[in-house]
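Working notes, structure below.
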Amino acid sequence: MNNFIKFDTSSLWVVLPEIFLLSAIVVILLLDLFLNKYSQQVTYYLTQLSLLITGLLAFNLIDHSQVIIFSGSFILDNMASVFKVFMMVATMIAMVYSRHYLRAHLLFRSEYFILVLLSILGMMVMVSGYSLLTLYLGLEILSLSLYALIAIAHERVYAIEAALKYFILGAIASALLLYGMSMIYGISGSLNINEIANFVSNTDLTSRKTLIINFGLVFLVIGIAFKLGSVPFHMWVPDVYQGAPTSVTLFISTVPKIAAISILIRILVNGLGSMHSYWSDLFMVLSILSITLGSVVALVQTNIKRMLAYSTISHVGFIMLGFVTGTLTGYSAAIFYTLVYILMSLAAFGMIILLNKQGFEVDQISDFKGLSKHSPWFALMMLIVMLSMAGIPPLLGFYSKFFILQQIVSSGFITIAIFAVIFAVISTYYYLQIIKFMYFDEIDNNITINASMDMQLVLSMNAILILVVGLFPDFLIQLVLSLF
Amino acid sequence: MEKIYLIIALSPLVGAVIAGFFGTMLGKTTTHTLTILGLLLSTVLSLYVFNYHVLERGEVFNQNLYTWIQINNLNISVGFLIDNLTAVMLVVVSFISLMVHIYTIGYMYNDVGYTKFFSYISLFTFSMFILIMSNNFMQLFFGWEAVGLVSYLLIGFWHHKERAVQANLKAFLVNRVGDFGFLLGISLVLVFSGSLDYTEVFLSLEKTIDQQLWGLDLITVICLLLFVGAMGKSAQVPLHVWLPGSMEGPTPISALIHAATMVTAGIFMVSRMSPMFELSDIALTVVMVVGAITALFMGLLGIVQNDIKKVVAYSTLSQLGYMTVALGVSAYSVAIFHLMTHAFFKALLFLVAGSVIVAMNHQQDIRKMGGLRKKMPITYWTGLIGTLALIGFPGFSGFYSKDMIIEAVYFSSLSYSSWVYVVVVVGVFVTSFYSLRMFFLVFHGKSRVDVHTAKHLHESVSSIIFPLIVLAIPSLMIGYLTIEFMLFNGWLDNAITVASSHISMAKLKYEFHSAASMIPHAIQTLPFWMMIGGIAIAWLFSIYKVQWANWVQKKYYRTNYVLESLYGFDRFNDLIFVNGVKKLGNFLYKVSDTSLIDKLLVNGSTKVILLVGKILRLIQTGYVYHYAFLMIFSLLIILTWVLFTGENPLFEL
Amino acid sequence: MGFEQIIFYIFSFWFVVSSLAMIFSRNAAKAVLFLVLAFFSAASIWILLEAEFLAIILILVYVGAVMVLFLFVIKMLNIDKSTIKARFTGYLPLRLVVAIIIIVEMSLVLGPSQFGLDVFSVPARHSEDYSNITVLAMQFYTTYVYPFELAAVLLLIAIIAAITLVHRNDTNRKKQSISEQVNVQAKDRVKIVSIFLPNKKEK
Amino acid sequence: MGISLLSLLIWLPIFSGVLVIFIGNDRANIARWVSLILSILIFVISLSLYTSFDSSTHLMQFVEKSSWISQFNINYHIGVDGISVPLIILTTFSTILVIIAGWEVVTKRCSHYMAAFLMMEGLIIGVFSSLDAILFYVFWEASLIPMLLIIGIWGGVNRVYASIKFFLYTFLGSVFMLLSIIYMYNKGGSFAIIDMHNLKLSFTEQSYIFWAFFMAFAVKVPMFPMHTWLPDAHVQAPTGGSVILAAIMLKMGGYGFFRFSLPIIPDASLEFSEIIIILSLISIVYIGFIALVQRDIKKLIAYSSISHMGFVTLGIFTLFLSYKQDIIEGSLLGLEGAMVQMISHGFISAAMFLVVGVLYDRLHSREISTYGGVINTMPKFTGFVILFAMANVGLPGTSGFVGEFMVILGAIQANIWYGVLSASTLIIGAAYTLWMVKRVFFGVITNPAVSMLKDINVREFSILAVLAIVVLVIGLYPQPVIELMHISIEHLLHQALTSKL
Amino acid sequence: MVSLSEYLILSSIIFCIGLVGIFVNRTNIITLLMCVELILVAVNTNFVAFSHFLGDEAGQIFVFFILTVAASEVAIGLAILTLLFRSRGSISVDVTNSLKG
């Protein structure tokens with residue numbers, strides 16, 4: 001029965017990061033049983049260590065030639081490796097920030113880290129998924145971990161409510177996505193992205209089959225749009241961002257975006273790339289709605305997490321604009337934007353966490369009042385982050401917007417570009433609000449920063465990175481361009 | 001020669017700089033010595049220049065000093081044009097300025113701003129030199145504005161006096177109205193000639209032929225615009241309103257700036273531009289008519305004034321009108337001639353007035369004077385000379401110049417010149433009436449001086465008396481001495497152009513025999529008897545039957561009212577320009593700028609966006625079934641869109 | 001109308017009816033039972049589609065385990081009683097219209113012109129020795145071994161998550177700590193607490 | 001030359017700023033001295049830019065080029081010509097003034113204050129020397145950040161509103177510029193400004209690009225009706241902020257017209273020049289009337305700035321009309337007049353705002369009605385004020401005259417009415433400036449606080465004296481400035497008059 | 001013979017009933033979970049039908065995994081539900097609106 005095992009075990013090493021991570025999860029899980037509550041720090045350090053090693057393993061696979069194994073359900077290409085490395089780095093940073101928050105709010109539990117690791121695993125599966133099945137499973141691994149992560153603060157009413165909303169809406173979205181997948185499967189007869197791509201590109205675009213593909217496409221796009229948090233499938237975003245513990249919000253707002261982008265790329269670009277003209281219109285509408293609603297509603301928020309949620313929606317609109325262009329460079333622009341956004345979002349939520357102290361939940365914009373007086377350094381860091389989010393050069397956020405705009409304009413969507421920049425300006429207003437509270441207001445909030453040095457250090461580096469990469473963005477741009 | 005001109009121009013500047021920056025350090029005596037020495041140098045050199053150019057018929061000096069700006073072929077430089085006109089002006093300006101400097105020692109000695117004052121008047125002299133020595137329009141404008149600046153500073157010299165600072169602002173602004181036209185004129189000159197240099201401009205005048213602007217010949221427009229500048233500086237109706245106000249400044253500068261030199265800049269300028277004005281009869285007519293109106297109506301105002309300086313000021317306005325009339329009838333040299341004589345006797349009159357004011361302890365109301373003749377004999381006599389010169393008493397310098405103007409008008413062939421002739425003749429009567437009225441009220445009759453002042457009443461100090469005497473001499477004689485050379489022997493010929501069609505000067509020359517013969521001839525003319533009439537009536541009202549004056553005032557109270565309200569110019573300006581502009585500004589600021597643009601458009605759009613945000617956030621109700629419904633509803637919309645409107649729709653709608 | 005069709009329509013009818021009954025049921029426990037009925041119908045239809053293994057799984061796993069879990073929770077939380085106050089949203093007609101339009105649109109797409117018998121002919125029935133389970137099993141452990149592993153991870157998450165969430169915190173538990181009791185010192189017995197006035201402007 | 005001059009001029013101030021931040025607010029005095037010495041050093045370096053500049057060519061000089069973002073062919077490409085050199089020197093000069101002006105006055109976060117200005121100096125020099133459009137945009141926007149903070153932190157009561165308004169206004173304007181730059185890149189494949197000069201564009205394209213650029217530059221200049229941010233920003237900004245804002249930041253708009261609008265889109269510029277001219281004239285006249293009724297000294301000067309900057313745009317855009325009538329000098333007069341006006345306004349407005357600063361430091365009021373009779377207690381100061389007021393009025397002999405004179409001469413060549421309207425500033429400008437001077441400085445003292453005023457100290461005296469000298473020198477002898485820029489402007493004129501269609 | 005179309009339409013109807021169930025229901029959250037299950041069964045039916053008509057097992061295998069996922073989802077969903085009940089004492093959909101705006 002040799003043909004039972006159809007994969008070559010020697011090629012398993014390309015799955016090494018995943019295998020290692022899963023093993024690490026199991027080990028930590030078991031180890032955790034024998035740790036008392038005073039040594040839970042160990043879990044944290046083990047988590048960081050396993051993230052680091054996974055990242056290194058993934059890093060080792062960068063520039064590896066493209067490999068598709070497991071009967072075409074797993075792909076290793078440059079994009080996957082780079083995304084994985086980036087995810088690991090982002091998660092490590094997020095965990096550094098989380099530790100402070102968890103300690104301050106008595107949420108420091110090893111399950112938290114295990115769930116994070118599991119969700120990372122799910123995202124790795126998504127990033128490398130090359131069949132509808134693995135993509136779906138990865139998505140569910142991610143989603144289920146996130147539901148649990150949000151609800152982990154079960155003393156907080158908001159957190160449970162957020163988890164519940166996310167859960168229900170997420171389930172609907174998954175179901176819609178599945179429905180779309182079933183249609184694609186039904187018309188193409190395969191779950192494999194590669195075969196779907198072949199089928200679609202061989203299909204006469206005038207035949208009735210395109211109608212079915214189109215029909216399925218609608219559901220797929222909606223499912224993906226939900227994961228990205230694009231209007232009108234954004235409703236979960238503000239509630240979850242606000243309700244979840246800040247460290248979870250930090251996590252949700254950053255790393256899963258890569259996963260969402262990669263599922264988008266795998267299905268819509270790799271799979272249905274030749275149907276581009278069909279889904280780009282949808283994307284255009286969704287992104288315009290996202291930019292508009294995100295920018296405008298964020299203006300009237302007073303809760304900083306909620307405000308950042310709406311700003312995320314607006315950023316997602318920009319990311320989706322990159323996919324409207326239909327060129328590989330355009331997709332690169334979207335990826336660039338995503339990576340940049342993650343870097344900024346990490347720093348922004350990191351700043352919120354930084355201000356948390358024992359039992360004091362920081363989530364109002366006005367909590368930043370007078371920061372520049374008590375900690376000029378971190379006020380400066382926040383300034384950099386906010387201006388970067390607003391897209392002011394020479395900070396990194398500018399280049400991401402620039403890249404997208406350049407692609408949009410070169411594809412001839414000048415009106416949309418004009419629209420986008422106008423809303424970019426409008427959105428600047430609420431970033432300035434934070435700067436206003438930090439710098440311009442005199443009233444004292446008596447902010448003390450008692451985070452550990454590692455958090456302070458990482459946060460500073462995070463923000464400075466935004467500036468430095470902003471000054472020398474060439475490397476990062478070259479990197480994202482090499483992904484396709 | 002270039003160095004001499006430079007020294008003439010710069011020595012007052014050096015004096016001004018020293019007095020201005022180091023005056024308080026150096027002390028009063030050093031300061032005034034230095035500035036006066038500087039002026040003396042200028043005066044002496046001016047006389048030398050006068051001698052060289054006018055008497056020895058030296059060559060016209062026209063040279064650029066340095067390039068101000070150079071753009072391709074357009075060169076605007078700072079340079080000197082010294083011809084006979086300039087030479088005459090140099091002498092007049094430097095001489096009177098010197099006298100005023102000396103006079104100031106006595107007049108201002110106790111003022112806190114003594115050194116500053118010297119700095120200013122020296123600076124003024126410098127500016128005036130720049131103006132008259134200029135060889136191009138830019139530099140002319142430079143000097144033009146610079147004298148305006150100094151005038152502004154000096155009118156407001158006593159800055160604690162509200163009326164003084166009000167007056168200097170008014171003076172500057174009214175002058176700016178003139179400058180506005182002047183600058184436009186200059187710009188148009190550049191447009192047609194491509195240069196701002198006098199010589200080049202005058203050479204390219206034929207380019208303007210057949211060019212039209214605003215329905216007039218281009219050259220007419222240019223001349224009128226330039227004349228607007230002259231109207232501002234030389235205080236012609238209706239831009240005269242600043243000059244009476246300027247009397248708020250110290251008396252020496254009233255003499256120097258607002259009588260003798262600066263206000264005549266307009267006259268000088270028009271004479272300088274004579275090649276242009278000669279091309280436009282319309283412009284000349286306007287000049288003449290404006291001058292005539294100023295001459296008569298400003299004179300009339302002099303009758304009802306009781307402030308000694310104001311009377312002199314209105315007489316200045318009137319005399320400036322005469323000069324302008326002369327310009328209008330193409331008798332430029334006559335205008336310059338009158339400018340010169342007027343400079344001497346009007347400076348003298350002002351200084352006399354100043355002397356009286358000092359003696360009266362800064363009392364300026366002539367109704368509270370009287371009988372000063374005995375207390376202040378020198379002042380009296382010099383004042384008498386000045387007055388007689390002003391009214392054109394035969395033999396005095398003013399007689400020659402004014403008579404020439406009247407004659408020139410008489411001979412003019414311009415339309416309306418016959419009306420203007422009537423006006424200027426009547427003007428002679430008016431002039432002599434108000435002049436003598438003032439003179440009688442101040443020096444003759446019973447003393448109405450209050451007791452306290454009367455005790456200290458005495459003749460002024462020597463530094464005041466000296467200039468009076470020195471100025472009295474030319475007031476007496478200069479007309480007699482120079483009329484022939486200046487008007488008919490071509491002193492000014494290399495500076496002034498008169499078109500052959502404008503025959504006044506030619507006829508004058510034909511009529512003229514000698515200076516001496518004019519005196520007997522005058523007695524047979526109407527102007528002489530007008531003057532005598534004026535004197536008589538003045539005597540009647542101010543000495544013989546003072547109560548008649550009051551009776552006339554009451555009887556013709558309407559006329560009196562019109563005169564005392566200065567024809568309502570000030571009220572009109574206040575109402576229309578000052579208040580109007582303020583109202584307009586407030587309207588624009590409040591309605592257009594603040595409400596419309598800022599509140600409505602700028603902040604309004606922000607508010608709209610915020611409002612939209614507030615509305616849109618209502619979508620986020622918090623109910624999960626609403627969220628789900630929105631998702632499904634969006635699904636419906638998208639599905640419908642894709643199925644029915646896509647590129648390959650299921651159903652054609 | 002063939003036998004197969006009759007079977008199909010009978011079960012379809014029950015499927016739809018029980019689904020509707022489930023969503024409009026005011027009693028949660030009853031709703032679960034309607035759902036069970038719906039699952040039975042679905043399983044029957046799957047058997048029609050020769051997916052015996054899945055049909056059995058559906059009944060065993062879903063009806064046998066998941067639905068019981070639902071019932072268990074309902075009974076545990078005692079929420080079936082609270083359903084008396086149940087009501088539907090005010091805009092029910094609008095919502096139903098939306099749903100019906102979607103159904104119509106989907107049916108148009110999925111109608112016979114796309115998926116009719118002339119497009120997709122009915123495949124021949126498998127032979128009697130065909131084992132659906134064997135075929136699937138062969139695939140699970142070869143082609144789909146990777147997803148299979150992932151499914152394992154998924155279940156692991158479900159376990160961890162469920163325990164983490166529902167399991168109460170240590171802090172709430174009265175647990176004896178012997179080492180703490182032994183190491184206790186006199187000064188730990190009394191704790192001086194400074195009492196602040198409560199902040200009146202508590203949000 | 002190891003380190004190239006221009007890079008040094010851009011980065012030295014920025015790193016100086018960083019250095020000064022690290023000195024910290026606790027050691028304010030060290031921070032002050034270090035800032036002063038560095039800014040003087042930078043000024044000296046910028047002077048060497050002038051001395052070694054070759055004004056006989058329009059080509060860019062001191063060019064540096066190295067790859068920055070290779071994907072888009074964006075380079076770190078800098079260089080200067082006769083248009084940028086004077087503005088760079090103006091920048092370095094103004095920074096010194098600002099640092100001295102803030103010497104004792106700024107006590108709150110002193111080192112941050114100094115650092116903000118130093119950094120802004122570097123960024124603005126970057127704006128004036130960028131030859132790559134994206135680099136230009138980066139500097140352009142980045143320079144907003146320090147200004148935002150300066151107004152917001154050290155500003156007046158209403159500073160938050162003013163700073164955010166300033167930021168959003170200018171940001172909104174400039175994003176359109178970014179889009180058109182991107183558009184041109186997509187068309188021509190290069191972000192180099194010089195390549196854009198040679199890029200063929202159809203008329204429709206040009207029109208869109210023109211209005212996009214207009215949005216960016218007109219807001220900055222600022223031009224009616226996009227000017228309302230300026231009074232707020234100026235009034236609320238600290239003295240130094242106002243000085244930099246007026247002296248340099250407004251010039252960035254004018255510079256933009258020179259560097260971008262005219263050479264890149266000549267046909268659209270020609271087509272729309274009349275609209276711009278009319279807006280400029282409205283700026284000049286309308287704003288003049290508004291300035292007249294201001295009760296706040298700073299607001300008055302702010303409005304006067306708008307009015308004066310109207311001459312810059314007027315001068316720039318009359319070139320087309322003058323050219324229609326074959327008067328090349330007319331066009332040049334307008335353009336060079338605009339440049340001179342920018343430089344001169346840099347000095348004069350700086351001086352005027354410093355003057356207000358001096359008063360504000362003493363009485364903490366900007367209301368005109370608070371003052372009156374200041375001359376009695378501050379004679380030296382009033383002397384300077386009158387000089388600067390006269391310069392503001394455009395009195396010959398001061399630098400204010402030169403630019404206005406040239407622009408009016410140029411404008412009248414285009415159309416007599418333009419000349420008439422622009423020349424009306426002679427009256428209006430004089431009216432609002434001198435009326436303000438009269439109410440603040442002349443007359444009797446009504447407010448007892450005024451009678452307690454102390455005349456300016458050595459620090460203030462020296463700043464004002466230096467400015468006074470510069471204002472007079474440029475007014476009396478502007479030729480060196482014109483010579484510096486002449487060839488570049490002539491080349492620009494040639495570009496602007498060469499149709500791309 | 002039952003056509004594929006009929007199966008698909010059946011599943012689409014069930015699918016929509018599930019969707020409607022979510023948004024017409026204010027009763028309690030547990031019904032929402034059941035609706036999700038219903039939707040998943042509808043999708044599963046889709047897959048099974050396709051699998052049958054295509055003669056390809058992949059669809060059935062997908063269904064197998066979906067069932068796994070659904071089961072896990074229920075576990076977590078019910079856990080969250082329990083938490084909600086603990087904190088609010090109710091599982092009415094109406095109580096979960098403290099996060100809004």
Side-chain angles (χ1 to χ4, degrees), chain B residues 20 66-74 78 138-139 141-146 148-149 152-153 156 159-162 164-166 168-169 172-173 176-177 179-181 183-184 186-188 190-191 194 196 213-214 221 581-582 584-590 592-594 597-598 601-603 606, chain D residues 165 168-169 224-225 227-229 232 286-287 289-294 327-330 332-333 336 340 373 375-376 386 390 393 395-397 401-402 405-406 408-409 411-413 416 419-420 423-424 426-428 430-432 434-435 437-438 441-444 476-479 482-483 486 490:
Chain B
Y66 67 91
T67 304
W68 194 66
I69 54 174
Q70 168 92 44
I71 294 171
N72 284 9
N73 294 326
L74 171 64
V78 171
M138 191 286 295
Q139 195 183 337
F141 191 66
F142 174 92
W144 192 263
E145 292 275 289
L149 167 71
Y152 167 79
L153 293 173
H159 45 72
H160 52 271
K161 278 165 67 180
E162 178 59 28
V165 292
Q166 189 73 42
N168 75 344
L169 180 63
F172 199 88
L173 291 184
R176 275 271 155 159
V177 175
D179 298 344
F180 166 70
L183 185 61
L184 285 178
I186 292 177
S187 310
L188 284 175
L190 179 71
V191 173
L196 286 180
L213 184 70
W214 298 337
V221 174
V581 163
K582 273 191 211 166
L584 178 66
N586 267 319
F587 173 80
L588 292 178
Y589 176 57
K590 297 231 168 83
S592 163
D593 221 49
T594 311
I597 296 179
D598 208 38
L601 289 178
V602 178
N603 294 346
T606 320
Chain D
K165 190 175 181 182
L168 289 181
Y169 230 124
F224 176 87
H227 63 276
T228 56
W229 63 271
D232 285 312
Y286 164 97
I287 297 294
F289 280 115
I290 288 175
L292 197 63
V293 296
Q294 297 305 315
I327 312 171
I328 190 104
E329 279 88 358
L332 283 171
L333 266 176
E336 298 187 6
V340 174
I375 188 170
N376 294 304
I386 291 172
M390 285 300 164
V393 165
L395 195 85
F401 169 68
V402 187
F405 184 63
M406 291 169 77
I408 292 172
L409 288 185
I412 215 158
Q413 319 240 348
I416 174 94
V420 171
S424 70
L426 280 184
I427 306 164
I428 305 169
Y432 61 71
L434 296 182
W435 194 33
V437 168
K438 175 194 161 238
F441 294 96
F442 293 149
V444 286
L476 292 171
Y477 191 37
Q479 177 62 14
I482 285 166
E483 215 167 76
H486 181 68
E490 206 167 36

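Naming: A, B, ... by sequence-line order, numbering from 1 per chain.
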Under 4.5 Å from a heavy atom of chain D, the part of [X] involved:
| X | value |
| --- | --- |
| B/L584 | side chain |
| B/F587 | neither |
| B/L169 | side chain |

Name the option with the most non-hydrogen atom pairs under 4.5 Å to chain B; the candidates are [options].
| options | result |
| --- | --- |
| D/I482, D/V444, D/V420 | D/V420 |
| D/A411, D/A291, D/A423, D/G397 | D/A423 |
| D/V437, D/V393, D/I386 | D/V393 |
| D/N376, D/L292, D/I416, D/D232 | D/I416 |
| D/I287, D/L395, D/V340 | D/L395 |

Between chain D and each of [options], count heavy-atom pairs under 4.5 Å; write down the option with the most.
| options | result |
| --- | --- |
| B/Q166, B/Q70, B/M138, B/H159 | B/H159 |
| B/V177, B/L153, B/N168, B/T594 | B/V177 |
| B/D179, B/L183, B/T606 | B/L183 |
| B/N603, B/I71, B/L74 | B/I71 |

So, do [X] and [Y] sit near enough that their side-chain heavy atoms are less than 4.5 Å apart?
| X | Y | result |
| --- | --- | --- |
| B/Q139 | B/L196 | no |
| D/E490 | B/N72 | yes |
| B/K582 | D/W435 | yes |
| D/W229 | B/V602 | no |
| D/Y477 | B/V78 | no |
| D/L333 | B/L190 | yes |
| D/L434 | D/M390 | yes |

Counting only heavy atoms closer than 4.5 Å, note whether [X] contacts chain B via side chain, backbone, both or neither.
| X | answer |
| --- | --- |
| D/F224 | side chain |
| D/Q294 | side chain |
| D/I427 | both |

Which residues satisfy the salt bridge (charged side-chain N to carboxylate O under 4.0 Å, His left out) test with B/K161, sequence neighbours excluded? B/E248

Between B/W68 and B/F141, ring centroids under 6.0 Å: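 Centroid separation for B/W68 and B/F141: 6.0 Å or greater.
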
For D/I428, check side-chain contact (heavy atoms from CB on, under 4.5 Å) against everything at least two apart and list the hits.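 D/I428 satisfies side-chain contact (heavy atoms from CB on, under 4.5 Å) with D/V285, D/F289, D/S424, D/Y432 only.
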
